[in-house]
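Chain letters run A, B, ... following the sequence lines, proteins first, then strands; residues in each count from 1.
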Amino acid sequence: MKIHKKIPKHFMSLDALMILINIFVFYQILSLASMNFKFLDPLKNALSGFDIYDMYYSQIQPEQTADTNIVIVNIGNLDRRGIAGEINYINSFNPKLIALDILFTENKDAESDSLLSDAFRKTKNLIMAFKLDNYNDSKENYDSFKTSIPEFNRYAKNGYANMPDDEKGGYRTIRRYMPFAQIKDSTVNSLTSAIISIYNPQKYSTLKKRNFEYEIINYKGNYKKFYTIDVTDLQDPEFNPAFLKDKIVLMGFMGSSLADQSLEDVFFTPMNANYAGRGFPDMYGVVIHANIISMILNDSYIDQMPFLVSIVFTFLLCLLNVIMIKSLNAKFPILASTLTKVALSFQTIGALYLGFFIFGLLKYKINLTLAMAAIVLVPSMNDFYHIYEIRLFNFIKRKITKKDDNTE
Amino acid sequence: MITLNNIFYTILLIIFCRTVSFTQETVFSVLSSKGGVQVKQSADWQPIRTGGKISTQDKIKLSGNGYLALAHIKGKTLELKKAGEYDVSTLINMLSKNDASFNQKFVSYVSNEITGGKSTKKMTMLGAVSRAASVSVDIAVPNSSSFLDGKIKLSWYKLHSDAGFIFRIINPNDQTIFMEELKDTSMVIDMEDFKVDRGLRYHWIVSSATNENLSSGKNALTLLTKSAGSAIADTIALLKKENADTESPLNNYLIAKYYESVGLNFDAVKYFEKSAKLAPDNSLYVNEYLRFLKDSGCRTDADEVNNILGKVVE
């Protein structure tokens, strides 16, 4: 078998490599620049804060199925007596566990505290939220934590309810969470990890084995994807909560009723129809927890392309584009510019399609932002290289040659 | 051989088969139910709640404020928000209509982004203003201004209802960087707290806490860069030195005009107001003050202006 030994010139050309280096240097400058060049700001902000996959959730994601393992109960503005009554009622229908996305940090009055404590005591599997405090930057762990008062907490297993401080990703925007955290030398569960450890120890084991500091949340939807009980539903004599049997019951705040909007414990998520932090926050904290639990139970984790692999992927994409531009310039010198723009537009749409398709099918996240930014920069960097850098290299080359001649 | 036993068992079998054939299968479960939602499973309409089951022969009725979230036995979900009666076959049809494929959704998304949305001959936007009670939140400060330092007091007018407000600051990319719910009609902020980029235009919006459609719209804030700010500050210092008489309406007017020319409208309004107050009979200063209020979108009641100027303003 005859092997074709001729390697295409473009593939190995130095100028293709130089153009690629220009793109990455420019990208680094753009990411790190603190200067206020107005025309760069939208691109800079877009690259630093925006996640293109938000569009997937808000515009493309196929309709998701409901998860009937989880029941969300809105506590509204119920007092402790009211919450105790609800817990006692729910307990009579034998849920698998009750988790409270609520912190009771102080004693109130003896009677209502006693009623609530008694309700907790009678709960078969009770999980209560706590708060991580005092993050130590140097040790990358927390120094302290805050639970509910001991009278309540003694009946519960705990999980922290802190959400990541990801302001870079947008104001109160939750795209990921930490399943485990460190308090000094101890590893502690998040609220959802604590829930899973009781509900399905095998899934908990899978989560632990993944061993990621952060997990991207694969959102299923708002509370309409789960059984949801509003404040007044449990007080309605017509209501039959027999479906609570063996379920995960999550109790938390979702407004004074589901019909009322509240800014308390509510966040922006990629599900927001007005993506990237526009409009109003769309999801209560307790519903975010429900989404996380559903993701774990269904093993529908999202994996992300490692950064180095993203670099190589982008590098290859840029190389193909550089070769394409060179070929077009050589074969169609007059139309090259137009054809390049058309090709890049199709590539951008194609990259988006491929990225979203792979994300939907395999739950695998390719760094599309980096790839698309690089595609966009290829023509400019190509021009920059041919107009300025080649001249500079030739100038330096001439100087060196002249110096050598003089030395001789 | 036909025996009594055989007849008896045959009858039992027939009854059993008929029972099985009439047994209604559960098709949907109720995930969430709000407002007026009823189901007809036998003769009467009954309210339906979360956890309820909808079978093949059932009908659902939604009143105007009703909402129902359903899960099909295969897991797909459906929301009903429109008032009306629905039978199960209608619900199943609606479910299949929701099921746009990935390709359909992607194409729809890309074409909307490229074309800016679907064009239609349906005209729902009125090309005229309509005045009614509390259609918007009216602001009491200029709707656009630059600032030398970050501390700003923003204020607006009460709505007819006692509803609170939601105050937001959004960045040049339309992303919310701060949000707060409040009952007051003013908010003091320090732009430096939000790590804003100097020289870029940010916006603030205040809307009703109970009806997000009642809103002030976007109002602009720009924290000047240090270099631009210091040049303006130097000019202002010079102007104030040359026009030292603070009780002169002309001096105040000149300073106001300078502030307006460089976009420092919050400062401009104070000096326009002062110049008009000092010479309420001078139509130049009064008209300029009113003109500035109008141009800056600053809604000030005629009564309030009367009080400020101490005279009837026409």
A:Glu238 side, atom CD; B:Gln46 side, atom CD - distance, nearest 0.5 Å: 7.0 Å
Side chain proximity check, B:Ser32 to A:Leu258, heavy atoms < 4.5 angstrom: yes
Interface moiety of B:Lys74 toward chain A, non-hydrogen atoms closer than 4.5 Å: backbone
Which portion of A:Phe357 sits near chain B, non-hydrogen atoms under 4.5 angstrom: both
Largest heavy-atom contact set with chain B, pairs under 4.5 Å, which of A:Asp230, A:Asp236, A:Asp233, A:Ile229: A:Asp236
Interatomic spacing from OH in A:Tyr227 to OG1 in B:Thr50 - rounded to 0.5 Å: 9.0 Å
Rounded distance (nearest 0.5 Å) linking atom CG of A:Asn240 with atom CD1 of B:Ile48: 11.0 Å
Heavy-atom check, side chain of A:Ser257 versus side chain of B:Lys34, under 4.5 Å: no
Polar side-chain atom of B:Thr77 near backbone of A:Ala66 as donor-acceptor pair, under 3.5 Å: no
Distance in Å, B:Arg49 CZ paired with A:Phe243 CZ, rounded so as to fall on 0.5 Å steps: 12.0 Å
Side-chain heavy atoms of A:Phe226 within contact of B:Leu31, under 4.5 Å: no
Part of A:Leu352 within contact of chain B (heavy atom distance under 4.5 Å): both
B:Lys59 atom NZ, over 12 foreign heavy atoms within 6.0 Å: no
Segment of B:Leu70 engaging chain A (4.5 angstrom heavy-atom cut-off): neither
Heavy-atom side-chain contact between A:Lys224 and B:Glu79 under 4.5 Å: yes
